[in-house]
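Report on the structure given below.
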Amino acid sequence: MNFKTKKREVKLTFSGKPIFSPEKYQIPLTDNPLHIVVLIPAWNEEASIRSSVESILNQTRRPDKVIVVPNNTTDKTALQAIYGGASVLWMAGKNDKKKAGALNFALNNLTEELDSYPHSAVMVMDADTIVDDDFLEKAEKKMMKNKLVGGVSSIFTGRNSNNLLGTLQQMEFSRFRLQIEKRLEVFVLSGTASLISWSALKKIKEARIEGKLIPKGEGFYDVDSMTEDNELTLTLLTLGYTIPHVHVKSVTDVMENGKSLYHQRKRWYLGALQNLQMYGRKMPRWMKSIYWFQQIGLFFASIITPVLLFMFIFYITLILSQGVSFDSADLIVSFGMFCLYILIQVMTVWDLGWKARITALCYFPDLFYGILLLAYYASAFWTFIRKKEIKWIQT
């Protein structure tokens, strides 16, 4: 089924997945290079900031400026950023609005400079991230070819880890990357590394102040959102922009203990629920089908999984206690399907090396990790329905 909007034509496949024409409705933005400024908000990141800065300065398309924005920092982040080759824009005083507040501060300070060029773009990057060296080159070309590109995303992957929990996150991110690479657009403009159109950011700020198309606000980023990158994505899509990727990876930290993972995922899940509550009726129809179905799927999975797990344990206990016999044909079919599932799980993490392959082959670590994430989602959903605020915790 095809239907047209003002901005794009959408084809719904049998599975309901929207596929956007890569050529139709693409009006070139410019043939001239963009003025690109890289912003890296940082909070006590002295151990990683220099590597992040150097990965940007080693791009095949060097940025015009790299600025680190230290905020709430008590270590030597600024000094390490300077050693790496970046400029520093210090945000004095206490920043209660975290990453979004630091970005709004920097963008307000850079408005005059960015406006002085015909076409500007801002790359926003996390301070613990390293980006493949061709990201800026490919992202700039993507933005130059289509004026409706609001942002170009990298595809985040997990840094190598020495423990099982970190490896499981690497595996999760790797499988997510395989899903994204099949699409023309990303689900969320990655906060690890994305190039964002300056004209789109200005329209977002104007739309926030007006408060008609999107929820009312004052800045480029929503300082009240738990997940500012997810909120910015919904804003760009609501305003008619597209958010493609360029098949380029960014490598970021994984959480290596349960407490950090819990705080990270609860913030992600809760932020996504809050953002959908704000944008639920404002989003185009095709957006609702994607984002709401994701949340509905997580909701029912968090309910059904404990029931299925209980039934499975009860069934195994019954077999062991009463010696129930099985038909050999059923056993062969069941075992064959299980082996096929394990094979798929192993192949989806093959590129990560033997550690990930063996972990996938063992099956149970993957299973328990999935259950753990569903428990975190259930906690976030319970917080959401009670309309309870949580404290932002750095992870």
Side-chain angles (χ1 to χ4, degrees), residues 33-46 49-50 52-57 59 62-129 131 136 139-140 143 150-152 189 191-210 214 216-225 228-229 231-232 235-236 239 392 394:
L34 308 178
H35 178 70
I36 298 178
V37 175
V38 179
L39 291 181
I40 310 177
W43 179 11
N44 288 344
E45 300 282 2
E46 66 176 357
I49 188 65
R50 186 168 181 174
S52 299
V53 170
E54 289 173 350
S55 79
I56 286 299
L57 293 176
Q59 293 282 303
R62 286 177 63 90
D64 297 286
K65 187 176 289 187
V66 179
I67 301 175
V68 173
V69 189
N71 60 103
N72 297 331
T73 296
T74 57
D75 65 3
K76 298 178 181 178
T77 295
L79 191 60
Q80 290 298 324
I82 293 171
Y83 286 157
S87 302
V88 170
L89 178 60
W90 190 278
M91 186 176 183
K94 186 177 181 181
N95 173 24
D96 293 324
K97 304 303 181 181
K98 307 304 182 287
K99 180 180 177 181
L103 288 170
N104 282 339
F105 166 77
L107 290 169
N108 285 328
N109 276 273
L110 290 168
T111 293
E112 186 175 348
E113 175 187 337
L114 294 168
D115 278 340
S116 66
Y117 292 86
H119 300 285
S120 296
V122 178
M123 179 179 172
V124 176
M125 177 179 170
D126 281 346
D128 60 357
T129 298
V131 190
L136 271 182
E140 180 185 37
M143 196 167 283
V152 182
L189 204 59
T192 56
S194 292
L195 184 67
I196 307 169
S197 163
W198 172 237
S199 62
L201 284 169
K202 289 195 294 183
K203 286 184 179 179
I204 287 172
K205 186 174 182 179
E206 292 169 1
R208 289 197 201 282
I209 293 172
E210 189 178 70
I214 60 176
K216 199 169 183 62
E218 297 179 353
F220 299 97
Y221 279 82
D222 181 4
V223 296
D224 295 319
S225 175
E228 68 287 328
D229 307 313
E231 194 277 340
L232 187 76
T235 302
L236 286 168
L239 295 179
W392 193 94
Q394 185 185 23

So, does Glu46 use its side chain to make a donor-acceptor pair with the main chain of Thr77 at under 3.5 Å? no
To the closest 0.5 Å, what do you measure between OH (Tyr221) and CZ (Arg208)? 9.5 Å
For Leu232 and Ile196: C-alpha separation, side-chain torsions, deciding distance, then whether side chain to side chain contact (heavy atoms under 4.5 Å, CB included) applies. CA-CA 10 Å; Leu232 187 76; Ile196 307 169; 3.7 Å; yes
In this structure, NE2 of His119 is separated from OG of Ser199 (nearest 0.5 Å) by 8.5 Å
To the closest 0.5 Å, what do you measure between CH2 (Trp90) and OG1 (Thr73)? 5.5 Å
Please tell me if the side chains of Leu110 and Leu39 come closer than 4.5 Å, counting only heavy atoms from C-beta onward. yes
What are the two closest non-hydrogen atoms of Asp222 and Glu228, and how far apart are they? O-CB, 4.3 Å
Do Asp229 and Lys99 have side chains that approach each other closer than 4.5 Å (heavy atoms only, starting at C-beta)? yes
Any side-chain heavy atom of Leu89 within less than 4.5 Å of one from Val68? no
Using a 3.5 Å distance criterion without hydrogens, assess whether the side chain of Asn44 forms a donor-acceptor pair with backbone atoms of Thr74. yes
If we ignore hydrogens and angles and just use 3.5 Å, is the side chain of Asn95 paired with the main-chain N or O of Met91 as donor and acceptor? no
So, the side chain of Asn104 versus the backbone of Val223: is there a donor-acceptor pair under 3.5 Å, distance only? no
Residue pair Gly84 / Val53: nearest heavy atoms and the distance that separates them: O-CG1, 3.5 Å
Would you give the length of the straight line joining atom CG of Leu136 to atom CE of Met125, rounded to the nearest 0.5 angstrom? 9.5 Å
Would you say Arg50's side chain and Gln80's backbone share a donor-acceptor pair under 3.5 angstrom? no
Could you tell me if the ring centre of Trp198 sits under 6.0 Å from that of Phe220? yes
Are any side-chain N or O atoms of Asp64 and backbone N or O atoms of Val37, one a donor and one an acceptor, separated by less than 3.5 Å? no
Ignoring hydrogens, what is the shortest heavy-atom contact between Ala78 and Val88? Give both atom names and the distance. O-CG2, 3.7 Å
Please check this pair: side chain of Ser120 against backbone of Leu114, looking for a donor-acceptor N/O pair closer than 3.5 Å. yes
Would the distance check show the side chain of Thr129 and the main-chain N or O of Ala127 forming a donor-acceptor pair, the cut-off being under 3.5 Å? no
Is it true that atom NZ of Lys216 has more than 12 heavy atoms of other residues, nucleotides or ligands lying nearer than 6.0 Å? yes
Sequence-distant partners of Asp224, salt bridge (Lys or Arg N to Asp or Glu O under 4.0 Å), two or more places apart: Lys97
Do side-chain atoms of Ser55 reach the backbone of Ser52 as a donor and acceptor pair under 3.5 angstrom? yes
When rounded to the nearest 0.5 angstrom, what distance separates CG in Leu34 from CG in Leu195? 7.0 Å
To the nearest 0.5 angstrom, please state how far the NZ atom of Lys202 sits from the CG atom of Leu107. 12.0 Å
Tell me if the NZ atom of Lys203 is crowded by more than 12 foreign heavy atoms within 6.0 Å. no
Which is it for Ile40 and Val69 under the side chain to side chain contact (heavy atoms under 4.5 Å, CB included) test, yes or no, and what are the steps along the way? CA-CA 6 Å; Ile40 310 177; Val69 189; over 6 Å; no
Distance-only, no hydrogens or angles: does the Lys65 side chain make a donor-acceptor pair with backbone N or O of Pro63 under 3.5 Å? no
Nearest heavy atoms of Ser194 and Leu189, plus distance in Å: OG-CG, 3.6 Å
Glu231 and Thr235: CA distance, side-chain angles, deciding distance, side-chain hydrogen bond (donor to acceptor under 3.5 Å, both in side chains) verdict: CA-CA 6 Å; Glu231 194 277 340; Thr235 302; 3.1 Å; yes
Work out which heavy atom in Glu45 is nearest to a heavy atom in Asp75; give both atom names and the distance. N-OD2, 3.4 Å
Heavy-atom closest contact (Pro33 atom, Glu140 atom, distance): CA-OE2, 3.5 Å
